[in-house]
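Okay, so here's the structure we're looking at.
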Amino acid sequence: MLRSDVDRTKISPMMLQYLEIKEKYEDTIIFFRLGDFYEMFFEDALLASRELELTLTGKNCGLEERVPMCGIPYHAYKSYLDKLIDKGYKVAICEQLTDPKETKGMVERDVIQVVTCGTRLDDSLNSKDYNYIGNIYDFEYCYGVSFIDVSTGYTYGVILDYDKDSLLKEILTYNLKEVIVNSKIDRSIVTLLREQYNILVTIRDTIYEQDDYHYLTEDISDIRIKTTIHHLISYLLETKKGSLSHLQKVELIDHKKHLLFDTHTKKNLELIETIRNRDRTYSLLWLLDKTKTAMGGRLLKSNIENPLTDVQEINRRYDIIEILLTEFILKDELREELDKVYDLERLCSRISYGNSNARDMIQLKNSLIALPNIKRILEEIHYDKKIEVFDDLVELLEKAINLDSPIGLHEGGLIKEGYNSELDELKNIRKNSKDFILELENEEKERTGIKNLKVGFNKVFGYYIEVSKGNIKDIKDEYGWIRKQTLTNAERYITPLLKEKEDIILGAEEKIINLEYKLFTDVREIAKGYVSRIQKVSKVIAEVDMLLSFALVSEENNYIRPILTDEHMIKIVEGRHPVVEKVNKKEYVANDIIMGNDTDILLITGPNMAGKSTYMRQLAITVIMAQIGCFVPCKSCIIPIFDQIFTRIGASDDLVSGDSTFMVEMKEANIAISHATMNSLILFDELGRGTATYDGMSLAQAILEYIHDKIKAKTLFSTHYHELTTLANQLSHLKNVHVSAIEEEGKITFLHKVKNGAIDKSYGIHVAALAQLPKDLIERADEILGVYEHKSIKQETFTQTSLFLDIDSPKNVEQDKVYEKLEEINPLEITPMDALNILYELKQEIKKGTH
Ligand code: ADP
Ligand code: MG
């Protein structure tokens, strides 16, 4: 039965309550609290039973048919909730707001929070990653986009041109899982986000209008940014239903401040994860991450994804690394102190939002205790940012919070003795009464002579005296015991005195729990007042942690400080690929990358497996490391600041969009060519190999000419087409290099050494032999190759001049003669016979030329 089939006049009041709540949360699964369970009904029940493999049952609620239902125990709801959220659903938690025991009629219920993948605050989040939720506000002439990480409070905004591609790029850069859009947006964008990128999209127009969160945008005059942020805030407030006062002021995203590259490049260069296993291990992030804190780890990742372009800031980072490398005692000490710091950013968020427990408070305290030492070390190394310490808050937490507090807040055990006298008194009363009962056990044993008599407690009967069956005969009426419960082997009794003490204990117990909860939330409220100051400290700690990580990695692997130049030149001596060198068992062969003012393009040839792709990646990774402020893997390095990196590496088909390899290649080439500037870095790895040889070769040449003449970006271009190497004769800023290999007795050894000049052989067949293809087959391939090589000498078709340069090419005499003759002919005046004769003559001329 579906919800729409329900006859509301007949349905039970509770189900009516459910329907009314569900109407407000149409696109959300409702966890409806019924006693010890969260129940789901109707379509939600069908869906959840399928997704969570729960048994589908039914509930009678006044209708002829039972309503589909399934449920989960409330104390174990978390794993079910996480599963649904991971699958991209939203879940609304609907609680009982009044105590069923004390309520006459129906228990009040309402949604206390909506959980979505973009708004989580709990510990299911990856500590090494931000969790952004974003929005797109379509202004019909531009897009407003903002991102908020609710778990740390970071808030960003940007206004983008009215262009779908740049919008998509922005959304993908921040790894969003959830996006809110206003209804003006083109639905094709919504479909794309949902279907191709698995992003949870909610369409809604409400904009936040109260004052509480206006501080976020108070420094920003652009009204569009305000609208965009308030659009997202309104959604957050509606789902979280709690205080979001930890959100930090909006930072405007300025693309000029970052080295830009798209998600393909991020993937191709294996910055965050490897291509093959999509695993963090063996990525650049893996290599560089020696951070001790969660904040440092997150900052490092976001830096790798968004390196800097500000020379001053980058040099500042180098300076700090240099100091850290000389101060090795302080460096180790700093590392030890950072190890004591917990995830302050997320602790702050939970404290503000009001869902932190006593263990969070202990983590906060332990983190804050490390600050004075960190502060001292930073001063000693003349770090240019200062941190504040929080002795008073530490003192409060130290005094108040019990060190072995439970996770829950409603079972007592949170507050230390000596913090609050009323609490101590209640605990005293409880203890005295408990002691009294222990004593009572002994007294009764003596009085009755029953040795195995004992006093026990259970939830139903409270305190009781238990006597085994064999001893019942010794119980006398004068004891005044009242029989309460019969077990197989024993009887249980209560006495008026026992009950009197029990009342005192239980009364005290309840008061203690309530008082402890109140005292705890008071402390939390005080801590909340410190949040924005602690957030500032966290930022500095994150940066210090990241730079310390750079220092450690640089030291361990012999990286050096790059020199950043204003000139259009690259001079890397004995450069290495940092991950390959780390992972490969073989010795890494270091290579220079020299591209002076007069060299914009390196055309790289060499056999398969020689190391062309590695060489190209090595440059890009070095540039990225340099621009996040880390040292780089080489002997010496002079490089300019790059604005963008474009890559076409590897031949992976884009399975999602269904494009062929060649189409992907051409699209990526087009993106590079249309957006690159002179200050960009372009890596084209065997561009054009996805199509027929001549097509590919022609396109490759045309692209090279275009980059050479129009863009002048520093470009590494590897190719199989040896014919292209003659381009160096015409394109003055193109240089040939090759990766060498030696061939001995038909076998090939890779030296991985990059040398000047072109290579004339591709050794493809040798590589095939290495791969142990059948011997006959290899021989046959060699034979065929012979034929092709013979032909290609005759057909030097592909060494024409640049289309864009218009330099006169040296034509040969025969060609000139043919040309002259053709000029003379007027086809309208000659007979077919004449035409045939002329054609014969022309052919003779050409033949002369080719022999
Ligand atoms: P190509 O692109 O020329 O086919 P790759 O760059 O993919 O070659 O490199 C092939 C293999 O050689 C890789 O497994 C890599 O580990 C190794 N390699 C590449 N360059 C070097 C180098 N400079 N030193 C040592 N090993 C290298
Ligand atoms: Mg390659």
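Only a predicted model underlies this, so the values are computations on that prediction, with no experimental measurement involved. Each ligand, and each atom within it, is numbered from 1 in the order the structure gives.
The shortest distance between side-chain heavy atoms of Lys714 and Pro640 does not fall below 4.5 Å. Side-chain contact between Met616 and Leu681 is absent, with no heavy atoms from C-beta onward closer than 4.5 Å.
Proximity of a side-chain donor or acceptor of Thr605 to a complementary backbone N or O of His738 within less than 3.5 Å is not detected. Although no hydrogens or angles enter the test, the distance criterion places no donor-acceptor pair under 3.5 Å between the side chain of His264 and the main chain of Thr647. With His675 contributing its side chain and Gln644 its backbone, the two residues share no donor-acceptor pair below 3.5 Å. Under the 3.5 Å distance criterion, the side-chain polar atoms of His258 are left unmatched by any main-chain donor or acceptor of Leu260.
Sorted by chain then number, the residues whose non-hydrogen atoms approach ligand 1 to under 4.0 Å are Val580, Asn584, Glu587, Tyr588, Val589, Asn591, Pro607, Asn608, Met609, Ala610, Gly611, Lys612, Ser613, Thr614, His752.
Donor-acceptor pairing under 3.5 Å is recorded for the side chains of Asp685 and Ser613. Side-chain contact of Arg298 with Asn131: a donor-acceptor pair under 3.5 Å is absent, judged by distance alone. Side-chain atoms of Asn268 and Thr265 form no donor-acceptor pair, as typed in the model, at a separation below 3.5 Å.
Here the Mg ion (ligand 2) has protein N, O or S atoms under 2.8 Å from it, and they come to 1.
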